[in-house]
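Here's the structure we're looking at; comments come further down.
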Amino acid sequence: MQFHKWSRPLIKGGISAVAVVLALSGCASVSGTGTGSSAKPNHQIVIGYAGPTLTNAFFVGLNQGISEGTKKLGYKLISTNANGDASQQFNDATNLLSRGIDVLILSPIDAKAITPAVKQANAAKIPVFTLDRGSDGGTITSFVASDNVAAGKTAADWIAKTLTAKNGSAKGNVVNLVGLVGTTAATDRDKGFKEGLKAYPGIKIVAEQEGGFDQEKSLNAMTNILQANSQIDAVFGANDDNTVGAERAIDGANRFKPIGDPGHIAIIGIDGTAQALSAIRAGKQDATISQNPIKMAEKSLTFVSEYVAGKTVPATYAWPTFLLDSKNIDGPEAKAYGLWSAEIK
């Protein structure tokens, strides 16, 4: 199967053996945190989730996974939505801490801005679990995410393979639409992409702008890039909102050419959103490196359950990714991995 995973020690978990645990934490059980959660029945345990946004489909999936995961476990959930505002997310997190929660779950908008809230939770001996994005400081009990460095490298390798098929060798001009600056996901994807391209000196990044994990921002960025560059062979969008914005810009500039045409601009993103899948089926987008936010969130809740029961949980857990394109998007392997965007309620 085409699962992409971290090349580090393997421990079975998640949906298959390709899910990876980087390392087991030395965290104490919840009885050592001073919260007393281990003595509570499940229906008395309160989970606080300070969410980043609900305008991005990926985070709608995370929110759904957290909601469903807490419900299955019988926990009470208090969730907030920062609407993309890092200051608001910090305020949301601190307010949750003041409401007597037993566990704090975060997907930080800004890794630095959220650090004081993480440290407040640490001081209050409330365990912090992070999803998809990390924090620059404080102690995190468990961090569940895809390996974003590896995802960026996968995108670089895919572009090299695609340009080799088109040009006879790995050469061409590439656009790098960076994610939301300040998030660990954006930083790691960009790092992996650039590290991956070092193996292909014939591929040149001719333009790089922040797409911000946002369609409109990516549309504007790509519009300017197209005006300044007559020859573009491929685009890497740090997420699928970036790629959708790029696709709209390419259409608007009358530079869309179908896959197989010499003038086609190959596009790859990350996440596996419904819009990306529709674009792949329509021939507007070539590929996406899919994650599964619903199952990632439910896995994090499994670790919460184990932690409050006094068990040791992974400090870092990597959810496997899956490269989707027109050839496999409706095949059995994609179905086995899970097209999460079809499960959004």
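Only this structure's heavy atoms are used, side chains among them; waters, hydrogens and symmetry mates stay out. Keep in mind that what you see is a predicted model, and the values were worked out from it rather than measured.
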Do the side chain of Asn167 and the main chain of Ser169 share a donor and acceptor less than 3.5 angstrom apart?
no
If you apply the rule side chain to side chain contact (heavy atoms under 4.5 Å, CB included), what do you find for Thr243 with Thr288, and how did you get there?
CA-CA 9 Å; Thr243 60; Thr288 185; over 6 Å; no
Any side-chain donor near an acceptor of the partner, Asp102 and Tyr75, under 3.5 Å:
no
Under 3.5 Å donor-acceptor, Ser305 side chain and Leu301 backbone
no
Are a donor atom and an acceptor atom from the side chains of Gln64 and Glu343 found within less than 3.5 Å of each other?
no
Say you draw a straight line from CE of Met296 to CD1 of Ile66; how long is it, rounded to the nearest 0.5 Å?
10.5 Å
Listed partners of Thr223 passing side-chain contact (heavy atoms from CB on, under 4.5 Å), at least two apart:
Leu219, Gln227, Ala249
Closest contact, heavy atoms only, Gly100 versus Val46
O-CB, 4.5 Å
May I have the step-by-step check of side chain to side chain contact (heavy atoms under 4.5 Å, CB included) for Leu96 and Leu104, ending in yes or no?
CA-CA 8 Å; Leu96 287 169; Leu104 177 63; 4.1 Å; yes
Please give me the minimum heavy-atom distance between Ser341 and Gly272, naming the atom from each residue.
OG-O, 3.7 Å
Under 3.5 Å, is there a donor-acceptor pair between the side chain of Asp325 and the main chain of Asn328?
yes
Criterion side chain to side chain contact (heavy atoms under 4.5 Å, CB included) on Val118 and Ile140, from CA distance to verdict
CA-CA 8 Å; Val118 175; Ile140 304 300; 3.8 Å; yes
Compare all side-chain heavy atoms of Thr321 with those of Thr154 and state whether any distance is below 4.5 angstrom.
no
With sequence neighbours left out, write down each residue that passes side-chain contact (heavy atoms from CB on, under 4.5 Å) with Asn91, or none if nothing qualifies.
Gln88
Which residue pairs satisfy the salt bridge (Lys or Arg N to Asp or Glu O under 4.0 Å) criterion with at least one member in residues 237-250, sequence neighbours excluded?
Glu216-Arg248
Is there a path of hydrophobic side-chain contacts, each under 4.5 Å between heavy atoms of I/L/V/M/F/W/Y residues, joining Met222 to Val174?
no
What residue pairs, at least two apart or across chains, pass ring-ring contact (aromatic ring centres under 6.0 Å, His included) with a residue in residues 46-69?
none
Non-neighbouring partners of Glu208 that pass salt bridge (charged side-chain N to carboxylate O under 4.0 Å, His left out), sequence neighbours left out:
Lys194
Grab the two heavy atoms, one from Asn148 and one from Asp132, that are nearest each other, plus how far apart they are.
ND2-O, 3.9 Å
Applying salt bridge (charged side-chain N to carboxylate O under 4.0 Å, His left out), name anything that partners Lys345, two or more places apart in sequence or on another chain.
Glu68
Using links of under 4.5 Å between side-chain heavy atoms of ILVMFWY residues, direct or through other members, which residues join Leu180 in one cluster?
Ile109, Phe213
Looking only at atom types and distance, does a side-chain atom of Asn292 sit under 3.5 Å from a main-chain N or O of Trp340, one as donor and one as acceptor?
no
Might you work through the salt bridge (charged side-chain N to carboxylate O under 4.0 Å, His left out) test for Lys217 and Glu210, ending with a clear yes or no?
CA-CA 8 Å; Lys217 190 168 186 177; Glu210 182 186 1; 3.4 Å; yes
Taking Ser67 for its side chain and Asn63 for its backbone only, find out whether a donor-acceptor pair lies under 3.5 Å.
no
Under the salt bridge (charged side-chain N to carboxylate O under 4.0 Å, His left out) test, which residues partner Arg255, sequence neighbours left out?
none
Val128 versus Asn122: any side-chain heavy-atom pair under 4.5 Å?
yes
Flag, side chain of Ser135 to backbone of Ile114, donor-acceptor distance under 3.5 Å
no
Euclidean distance, Leu177 CG relative to Phe193 CZ, rounded to 0.5 Å:
10.0 Å
Minimal non-hydrogen separation, Arg133 against Pro52, with atom names:
NH1-CB, 4.3 Å
Looking at CD of Gln275 and CG of Leu277, how far apart are the two atoms once the value is rounded to the nearest 0.5 Å?
10.0 Å
Has the side chain of Asn229 got a donor or acceptor atom that lies under 3.5 Å from a matching backbone atom of Gln231?
no
Short side-chain to backbone donor-acceptor contact, Thr187 and Thr183, under 3.5 Å:
yes
Taking all non-hydrogen atoms of both residues into account, name the closest pair between Ala50 and Thr80 and its distance.
CA-OG1, 3.3 Å
Could you check whether any side-chain N or O of Tyr337 sits under 3.5 Å from a backbone N or O of Pro320, counting only pairs where one atom can act as donor and the other as acceptor?
yes
Looking only at non-hydrogen atoms, find the nearest pair between Ile289 and Ala151 and report the distance.
CD1-O, 3.3 Å
At what distance, to the nearest 0.5 angstrom, does CG of Asn56 lie from CD of Gln215?
9.0 Å
Could you check whether any side-chain N or O of Asn242 sits under 3.5 Å from a backbone N or O of Val178, counting only pairs where one atom can act as donor and the other as acceptor?
yes
Mind jotting down which residue pairs meet the salt bridge (Lys or Arg N to Asp or Glu O under 4.0 Å) criterion with at least one end in residues 76-90? Sequence neighbours excluded, please.
none
Can you tell me which residue pairs pass the salt bridge (Lys or Arg N to Asp or Glu O under 4.0 Å) test with a partner in residues 165-182, sequence neighbours excluded?
Lys166-Asp233
Run Tyr200 and Ile159 through side chain to side chain contact (heavy atoms under 4.5 Å, CB included) and show every step you take.
CA-CA 10 Å; Tyr200 311 104; Ile159 285 175; over 6 Å; no
When rounded to the nearest 0.5 Å, the distance separating CD of Glu195 from NZ of Lys198 is 5.5 Å
How long is the gap from NZ on Lys299 to CG on Leu131, to the nearest 0.5 Å?
12.5 Å
If you define the side chain from C-beta out and look only at heavy atoms, does anything of Leu97 sit under 4.5 Å from Ile126?
yes
Do you reckon Ile203 sits in the same ILVMFWY cluster as Ile268, going by side-chain contacts under 4.5 Å, direct or chained?
yes
Tell me whether the centres of the aromatic rings in Phe303 and Phe129 are closer together than 6.0 Å.
no
Common cluster, Leu197/Ile232, ILVMFWY with side-chain heavy-atom separation under 4.5 Å:
no
Verify the cluster assignment for Trp158 and Val149: are they in a single hydrophobic cluster under the rule of side-chain heavy atoms below 4.5 Å apart?
no
Within residues 256-274 or reaching into it, pairs that qualify as side-chain hydrogen bond (donor to acceptor under 3.5 Å, both in side chains) - sequence neighbours excluded:
His264-Asp286, Asp271-Gln291
Stacked cation flag Lys284 on Phe256, 6.0 angstrom / 45 deg
yes
May I ask whether Val175 and Ile205 are part of the same hydrophobic cluster, defined by side-chain heavy atoms of I, L, V, M, F, W, Y residues being less than 4.5 angstrom apart, directly or through others?
no
Restricting to side-chain contact (heavy atoms from CB on, under 4.5 Å), what partner residues turn up for Val60, sequence neighbours left out?
Leu54, Ile344
With a 3.5 Å cut-off and no angle check, do the side chains of Thr53 and Thr55 form a donor-acceptor pair?
yes
